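First comes the structure, then the notes that go with it.
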Amino acid sequence: LLEIAFFYAETNRLDRAWPLLDTAYSLVNKSLPAKTGDRLAAREALRRLNPRRDSFLQARYFPVMINIPGGTDTIGGIVYEFIGNTIRIPPFIVKLTPYQLAESETTWWQYNLYCAATGTELPNKPVGWGGEGDNPVVSVTWYDAVYYANWLNDRAGLQRAIECPEAKNCSLDLQAKGYRLPTEAEWEYAARADSNMTYAGCNEESDLIDFAWYGKNSGSRTRPVKTRLPNRLGLYDMSGNVWEWCWDWYDDYPPEAQTNPVGLETGSNRVLRGGAWNNNADNCRVANRLSGVFPGVRYDSYGFRLSRTL
């Protein structure tokens, strides 16, 4: 009952939320403080009735952010064989200021709330698998991820970090405190977690099964987030489950060290990171980059997680 009231409140269907809250209060012999009001008033009524349930629903339907300490690290710097080809990713020294990254990939629960609140069409769910609420949302474009982030920003009164006045003319402001896609450097820095791990949480492929859903153990589908072990920073599924969109246009790493790099101003293809449910272990390396992907593409192994500047 409370979850339905929560959902109606957060999607601005208050004419349905308030009667449910009234019923919930009456079931425990309490009087609803008010029987009308805006979204925030409805949420406050829910919190007063059951704070623990309200906190649970907040964490289910909105991203839980993890603080990532700033620092200097080398990303990239690997050479490996893949399908008969030698893959070389040169090293790139980056210095990052503190930021936040969502502890998990954005789920169907979270994205569905946005779609219901805005009238946005829900992406096609895979047939017969992966559509459960706690699975990562898939078949979302880079632009879908940006629009979702900006809905969260507008809802919370946060300054937008990514603006897209035209589909091919998006800009990033790292000074803004709103939700956004992580830069590629932020993504890999957090995945490494101040270590030189091959994968997010481990070094050996024999241990990857404990940290990632990938081709060896996924059963050819996405799996609920946070059901493998996290890395040292408390981030889940940084290797495997779904590829994650990053802010950057794809390009070779520059030879010189950079502070808070954001990549090219324009380009053709955005970068995805992390590997997915249908990939082998090499794709799940923290240094691996999926390039050549047009930002408007939808695929059943593409998802995202959000970041914020501190």
Side-chain angles (χ1 to χ4, degrees), residues 65-80 82 87-106 136 142 145 172 174 180-203 205 208 211-212 214 228-264 267 269-276 279 281-293 302-310:
M65 307 302 287
I66 301 294
N67 289 339
I68 310 297
T72 301
D73 201 358
T74 299
I75 65 174
I78 63 168
V79 179
Y80 64 95
F82 181 64
I87 307 298
R88 292 183 172 88
I89 301 178
F92 177 28
I93 299 174
V94 298
K95 181 179 181 180
L96 300 175
T97 51
Y99 60 102
Q100 292 182 322
L101 197 64
E103 69 170 358
S104 73
E105 295 151 339
T106 302
W142 184 92
L172 171 65
L174 284 183
R180 56 178 172 82
L181 287 172
T183 66
E184 196 178 4
E186 288 174 335
W187 190 97
E188 185 171 333
Y189 180 87
R192 288 179 179 273
D194 196 27
S195 69
N196 198 31
M197 295 289 185
T198 303
Y199 310 102
C202 66
N203 262 322
E205 183 177 344
L208 184 59
F211 291 87
Y214 68 116
R228 300 286 87 183
L229 296 175
N231 73 356
R232 292 181 180 180
L233 291 176
L235 301 168
Y236 295 85
D237 300 309
M238 294 293 282
S239 288
N241 221 356
V242 294
W243 288 100
E244 301 177 17
W245 289 108
C246 292
W247 156 259
D248 308 53
W249 293 109
Y250 182 81
D251 190 31
D252 292 336
Y253 288 148
E256 69 279 356
Q258 291 189 4
T259 298
N260 294 330
V262 298
L264 298 173
N269 301 301
R270 298 286 184 177
V271 178
L272 294 107
R273 289 302 207 105
N279 292 136
D282 283 336
N283 286 120
C284 296
R285 293 169 179 261
V286 294
N288 191 50
R289 312 170 74 201
L290 182 60
S291 62
V293 182
Y302 294 175
F304 67 97
R305 78 175 70 214
L306 296 181
S307 65
R308 284 187 67 190
T309 298
L310 282 175

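All residue numbers refer to positions in the sequence shown, counting from 1. Worth saying up front: this structure is predicted, and the values here are computed from it rather than measured.
- Proximity of a side-chain donor or acceptor of Ser239 to a complementary backbone N or O of Ala200 within less than 3.5 Å is detected.
- Cation-pi check for Arg270 over Trp249 is met; the charged atom lies under 6.0 angstrom from the ring centroid and within 45 degrees of its normal.
- Residue Cys284 comes nearest to Tyr214 through the heavy atom pair SG-CB, 3.8 Å, listed as atom of the first residue, atom of the second, then distance.
- Of the options Glu184, Glu244, Glu186, a salt bridge (charged side-chain N to carboxylate O under 4.0 Å, His left out) to Arg273 is made by Glu184 and by none of the others.
- Here the straight-line distance linking atom OG1 of Thr72 with atom CG of Leu96 works out to 8.0 Å at 0.5 Å rounding.
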Go through the steps to decide whether Trp142 and Leu272 satisfy the test side chain to side chain contact (heavy atoms under 4.5 Å, CB included), and finish with yes or no.
CA-CA 9 Å; Trp142 184 92; Leu272 294 107; over 6 Å; no
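- A side-chain donor-acceptor contact under 3.5 Å links Asn279 to the backbone of Ala276.
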Kindly indicate, with the supporting measurements, whether the criterion side chain to side chain contact (heavy atoms under 4.5 Å, CB included) is fulfilled by Arg308 and Tyr99.
CA-CA 6 Å; Arg308 284 187 67 190; Tyr99 60 102; over 6 Å; no
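- Once rounded to the nearest 0.5 Å, the distance linking CG of Asp282 with CD of Glu205 reads 7.0 Å.
- Looking only at side-chain heavy atoms (C-beta outward), Val293 and Trp245 come within less than 4.5 Å of each other.
- The two atoms that bring Gly76 and Ala287 nearest to each other are CA-CB, 4.0 Å, heavy atoms only.
- Atom CD of Glu188 sits about 12.0 Å away from atom CZ of Arg285, to the nearest 0.5 Å.
- Crowding of Leu290 atom CG: a count of heavy atoms from other residues, nucleotides or ligands under 6.0 Å exceeding 12.
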Show which side-chain atoms of residues 229-238 pair as donor or acceptor with protein atoms under 3.5 Å away, not counting sequence neighbours.
from   : atom 1 : to     : atom 2 : distance (Å)
Asn231 : OD1    : Leu233 : N      : 3.0
Asn231 : OD1    : Gly234 : N      : 3.3
Asn231 : OD1    : Leu235 : N      : 3.1
Asn231 : ND2    : Ala190 : O      : 2.9
Asn231 : ND2    : Ala191 : O      : 3.2
Asp237 : OD2    : Lys226 : N      : 3.2

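- Of the inter-residue distances, the one linking Leu306 atom CG with Thr106 atom OG1 reads 4.5 Å to the nearest 0.5 angstrom.
- For the residue pair Leu174 and Val262, the shortest heavy atom distance occurs at CD1-CG1, 3.6 Å.
- When all heavy atoms of Arg192 and Val286 are compared, the closest pair comes out as CG-CG2, 3.8 Å.
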Let's go through Trp187 and Val271 carefully: what are the C-alpha distance in whole Å and the side-chain angles of both, what is the deciding distance for side chain to side chain contact (heavy atoms under 4.5 Å, CB included) to 0.1 Å, and is it a yes or a no?
CA-CA 11 Å; Trp187 190 97; Val271 178; over 6 Å; no
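- No side-chain heavy atom of Cys246 sits under 4.5 Å from any side-chain heavy atom of Leu181.
- The backbone N or O of Thr198 sits less than 3.5 Å from a side-chain atom of Asn203, completing a donor-acceptor pair.
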Would Asn269 and Ser291 satisfy side chain to side chain contact (heavy atoms under 4.5 Å, CB included), going step by step from the backbone distance to the final call?
CA-CA 7 Å; Asn269 301 301; Ser291 62; over 6 Å; no
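- Remark: Lys95 NZ to Asn260 CG distance equals 9.0 Å, nearest 0.5 Å.
- In terms of heavy-atom proximity, Asn288 sits nearest to Trp243 at ND2-CH2, 3.5 Å.
- In this structure, the side chains of Pro261 and Phe92 come closer than 4.5 Å at one or more pairs of heavy atoms.
- Glu105 places none of its side-chain heavy atoms less than 4.5 Å from the side chain of Phe304.
- A side-chain donor-acceptor contact under 3.5 Å links Arg305 to the backbone of Ala102.
- The backbone N or O of Arg289 sits nowhere less than 3.5 Å from a side-chain atom of Tyr250 that would complete a donor-acceptor pair.
- Of all heavy-atom pairs spanning Trp247 and Thr183, the tightest one is CB-CA, 4.3 Å.
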